[in-house]
Amino acid sequence: EAQVTQNPRYLITVTGKKLTVTCSQNMNHEYMSWYRQDPGLGLRQIYYSMNVEVTDKGDVPEGYKVSRKEKRNFPLILESPSPNQTSLYFCASTPTGVYTGELFFGEGSRLTVL
Amino acid sequence: GNSVTQMEGPVTLSEEAFLTINCTYTATGYPSLFWYVQYPGEGLQLLLKATKADDKGSNKGFEATYRKETTSFHLEKGSVQVSDSAVYFCALSDNNAGNMLTFGGGTRLMVKP
């Protein structure tokens with residue numbers, strides 16, 4: 001089954017404790033992206049990657065890091081989480097060969113930072 | 001820069017009622033327009049899209065027409081069902097490869113039996 005898989009789905013952590021949210025897709029997509037969803041603000045892009053070893057900042061990159069060592073994986077790293085990073089996070093992917101505008105989303109990871 | 005504005009929710013309707021969710025946009029050039037739907041506990045999925053002016057996107061009984069003169073892409077459905085309860089996001093793409101989609105704030109729809 002074609003899918004984007006995120007883990008963990010739910011996490012409660014404390015300020016300053018490093019964490020990683022994993023994202024993996026099995027569709028051989030070149031493009032991957034991370035978004036955060038906050039009430040009334042829609043989805044805002046954090047980072048994106050056009051292909052392996054190519055990453056770039058989105059609209060709200062502060063406090064986050066990413067890496068793209070393999071085509072299928074695109075982890076989101078919070079080196080020192082803070083309460084303002086409490087949010088619902090989505091990973092998404094799409095092929096870049098023929099642009100359709102359709103992003104394929106994971107089910108989301110709800111993060112709470114105390 | 002690009003932006004998308006949606007009506008704030010929640011929108012609460014009775015089953016079989018007519019639905020309209022307003023969406024307007026600001027963009028340079030000629031963007032493509034999309035509606036995504038997010039069912040409870042799930043990620044977003046594409047509902048419909050339109051790539052040029054006067055195009056009508058449709059899917060699952062939902063429709064939206066790309067109106068360049070009013071920079072709008074309102075979502076409509078003639079008769080909603082309880083299963084349509086979800087959050088709906090309007091989005092645009094100006095084919096900027098980096099940030100593929102700019103999203104509106106989302107509108108929660110609640111349909112009561």
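Below, chains carry the letters A, B, ... as their sequence lines are ordered, and counting in each starts from 1. Side-chain atoms are counted along with the backbone in the values below, which use heavy atoms only and exclude waters and symmetry mates.
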Checklist entry - Between Leu46(B), Val4(B), Thr51(B), which has the largest tally of heavy atom pairs under 4.5 Å with chain A? => result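 Going by pairs under 4.5 Å, I would pick Leu46(B).
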Considering residues, nucleotides and ligands other than Ile12(A), do more than 12 of their heavy atoms fall under 6.0 Å from its CD1?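 No - once you tally the heavy atoms of other residues, nucleotides and ligands closer than 6.0 Å, there are 12 at most.
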Are [Y] and [X] connected in a single hydrophobic cluster, I mean Ile/Leu/Val/Met/Phe/Trp/Tyr linked by side-chain heavy atoms less than 4.5 Å apart?
X: Leu76(A); Y: Tyr48(A); result: no
X: Leu43(A); Y: Tyr47(A); result: no
X: Leu44(B); Y: Tyr31(A); result: yes
X: Tyr35(A); Y: Val21(A); result: no
X: Phe103(B); Y: Ile46(A); result: no

Using non-hydrogen atoms and a 4.5 Å limit, figure out which bit of [X] sits close to chain B: side chain, backbone, both or neither.
X: Leu41(A); value: backbone
X: Arg44(A); value: neither
X: Gln6(A); value: neither

Does the side chain to side chain contact (heavy atoms under 4.5 Å, CB included) test come out yes or no for Glu102(A) and Lys49(B), once each step is laid out?
CA-CA 9 Å; Glu102(A) 180 172 10; Lys49(B) 69 178 183 182; 5.9 Å; no
- For the pair Leu88(A) and Gln38(B), evaluate side chain to side chain contact (heavy atoms under 4.5 Å, CB included) and give the outcome as yes or no after the intermediate values. CA-CA 13 Å; Leu88(A) 179 59; Gln38(B) 182 183 27; 4.3 Å; yes
Legend entry - Side chain to side chain, Leu103(A) and Leu101(B), heavy atoms closer than 4.5 Å: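 Heavy-atom side-chain distance check passes, below 4.5 Å.
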